[in-house]
Amino acid sequence: MSTRTSWADLAANSAAENTTAGSSANNASVGTTSAAPARSTYVPPHLRNRVPSSDPPAPAYSGPASSNDRQGYGGPASSNDRQGYGGSRWGPPRNDYRSGYGVGGVGGRTGGWGNRSGGWDRGREREVNPFGDDDDTEQAFSEQENTEIDLGEALNQNIRRCKYVKPTPVQRHAIPISLAGRDLMACAQTGSGKTAAFCFPIISGIMKMQGQSAQRPLRGARTVYPLALILSPTRELSMQIHEEARKFSYQTGVKVVVAYGGAPLNQQLRELERGVDILVATPGRLVDLLERARVSLQMVKYLALDEADRMLDMGFEPQIRKIVEQNDMPLPGARQTMLFSATFPKEIQRLASDFLFNYIFLAVGRVGSSTDLIVQRVEFVHESDKRSHLMDLLHAQRANGVQGKQALTLVFVETKKGADSLEHWLYVNGFPSTSIHGDRTQQEREQALRSFRSGNTPILVATDVAARGLDIPHVAHVVNFDLPNDIDDYVHRIGRTGRAGKTGLATAFFNEGNASLARSLADLMQESNQEVPACCSLVMLFALLMEGGTVVLEEADLVAVTFEGTLHSVGAVQIIIVEQTAAVDMGLLADMEDMVQG
DNA sequence: AAAAAAT
């Protein structure tokens, strides 16, 4: 162990490497954003007039609320960036570090809030080993192991137990930035380890805070004061983040609690009362808890939004604003905010900057790109043929046999009703399947997911509730039975396969109803090195779909393909679709051009 | 238009 390069070392080295460059070999770009130029000099009121201190007990650690850190970072990402977030702070071990977590009960957290819930050290004794291996827990706390501690030895140990060998690009860049105290907007492909990228710095930071005496205000006797808040758009994703965070924080003394709707409130309240450092939640339930004054956000030092673009789109934005801006959450600059997603439309990035202070924008690859670990196929399937076509795919899959663990197939449909009816149809036709959507009870949803994960029902029919974030091992095939209207949704859906370096297959059923997706789909496929015909234009995609239908094209933006003489429009592009079998000649094309212009 | 998210 001592001879090998540690996980943390790798992170440290790469932090140093990358602070000077705007891009690196793995195509990550880091830079301060131009979206909020006016904000870079803003200092929140409570931080004004503060003399850069000479760093007593919390010095080496550049904590999230430390004012001098922030000031160290003023300018745009340039050569002085190196001093900014990398280098010295991500350096050698510090002695003050262990004091907080080494032995249960040391230091700080005694005032008013911890003891009534039994205290975190007692909680730790009862902590169930989430790894199911009881053999080497003592080793984990070996006192001699005082080597390169950056995230904290207990956390490093948990990372090893999770069999994480080497940080992914997003982790390698995001973790040092977060450890240095900077706000972050991070975009990286599905399945590239974003959860860990925001969990590690949060857990590490809270471990360090345990060494300091934190005063929690005395509010209502039953109010709890989490130090970190992680929000996600679906209940199941919150559950999953909770599970992950619990693994990472095993025996660190950091308590993780989850709160979401559809499940009994009382149980969640009891968990909260036993103490909470990191609260993982869906927005609705959290708003409820805030209104009941069972949770205060006053002590929050870390705010993470997973699937951040989703959290800030029309459906969620008011709730998020309510939570972040209309409660007692510290202002940007007094907390550390991290936004993560695989997709992040520009207009939502702009909106998101409201929640950030002097932040760094990190993108691994193009924002919204897909991983080339996923083989994408598009097949032209009429609405009426979709079921039998799916049946063919499933039969073929069954015939090809399955190696090792049961290969799972996730089938996305557009509506809840459609999910129910397809599930039933599959079931009747001898394919063990289940479904998940927002009209099912929470129990049913969780049961469906369990049954799918275990391979008991290797087919899951889902609405977009399952499109984002869920990490289900052995999903070999994602079928877009109904394609979404938005390419970003497509990216998230197919991202349920091809995770953590594994390959996957995604099949889309495409027909005339999906014309509005065609161009972006073609672009995406080309970008992720998918087999799209020679010139991967919209035209060629259609040509592929038409299976040999003749396509004549003179103008790049005018497309003629063969399908039932219907006129379609794709964005600015006019598309004429004629009979599948008809050869398109120049005369016909001219006629169609007239049609389009007329 | 649909999906998700509190009771």
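Lettering follows sequence order; numbering is per chain, from 1.
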Discussion item. For a quick test of reading the model: is some side-chain N or O of A:Arg445 closer than 4.0 Å to OP1 or OP2 of B:dA5?
Written reply: yes
Worksheet item: Which whole-number value in Å describes the distance from A:Arg440 CZ to B:dA4 P?
Response: 12 Å
Discussion item. Under 4.0 Å, heavy atoms only, any strand: does A:Asn485 hit a base, just the sugar-phosphate, or nothing?
Written reply: base
Worksheet item: Ion pair present between A:Asp489 and A:Arg493, side-chain N to carboxylate O less than 4.0 angstrom?
Response: no
Discussion item. Tell me whether the side-chain N/O atoms of A:Thr463 come closer than 4.0 Å to OP1 or OP2 in B:dA4.
Written reply: yes
Practice prompt. Find the distance A:Leu290:CG to B:dT7:P and express it as a whole number of Å.
Written response: 15 Å
Worksheet item: So does A:Lys417 get a side-chain nitrogen or oxygen closer than 4.0 Å to the phosphate oxygens (OP1/OP2) of B:dA2?
Response: no
Worksheet entry | Presence of A:Arg235 side-chain N/O under 4.0 Å of B:dA5 phosphate oxygens OP1/OP2 | yes
Item to complete: In whole angstrom, give the distance that lies between atom CD of A:Gln442 and atom P of B:dA4.
Response: 11 Å
Worksheet item: Any N or O donor-acceptor pair linking the side chain of A:Arg310 to the base of B:dA4 at under 3.5 Å?
Response: yes
Practice prompt. Could you tell me the separation between the CD atom of A:Glu414 and the P atom of B:dA4, rounded to a whole number of Å?
Written response: 11 Å
Discussion item. Under 4.0 Å between a side-chain nitrogen and a carboxylate oxygen: does that hold for A:Glu291 and A:Lys322?
Written reply: yes
Worksheet item: Contact class for A:Gln319 vs. all strands (heavy atom < 4.0 Å): base, sugar-phosphate, or nothing?
Response: base
Practice prompt. For a side-chain hydrogen bond (donor to acceptor under 3.5 Å, both in side chains) with A:Asn511, tell me which candidate from A:His382, A:Glu383, A:Glu379 qualifies.
Written response: A:Glu383
Worksheet item: Quick one: does NZ or CZ of A:Lys386 land under 6.0 Å from the six-membered ring centre of A:Phe509, within 45 degrees of the ring axis?
Response: no
Worksheet item: Hey, does A:Val465 reach any base, or is it just sugar-phosphate, or nothing, if we go heavy atoms under 4.0 Å?
Response: sugar-phosphate
Worksheet item: When the distance from CG of A:Leu289 to P of B:dA5 is rounded to whole Å, what number comes out?
Response: 16 Å
Discussion item. Rounded to whole Å, how long is the line connecting atom CD of A:Glu291 with atom P of B:dA6?
Written reply: 12 Å
Discussion item. With a 4.0 Å cutoff (strictly under), does any side-chain N or O of A:Thr282 reach OP1 or OP2 of B:dA6?
Written reply: yes
Worksheet item: Do the ring centers of A:Phe481 and A:Phe412 come within less than 6.0 Å of each other?
Response: no
Discussion item. Base, sugar-phosphate or nothing for A:Gly315? Non-hydrogen atoms, less than 4.0 Å.
Written reply: base
Worksheet entry | Euclidean distance, atom CG of residue A:Asp288 to atom P of B:dT7 [Å, nearest integer] | 7 Å
Worksheet, complete the sentence: A:Tyr260 atom OH is separated from B:dA5 atom P, nearest whole Å, by 11 Å
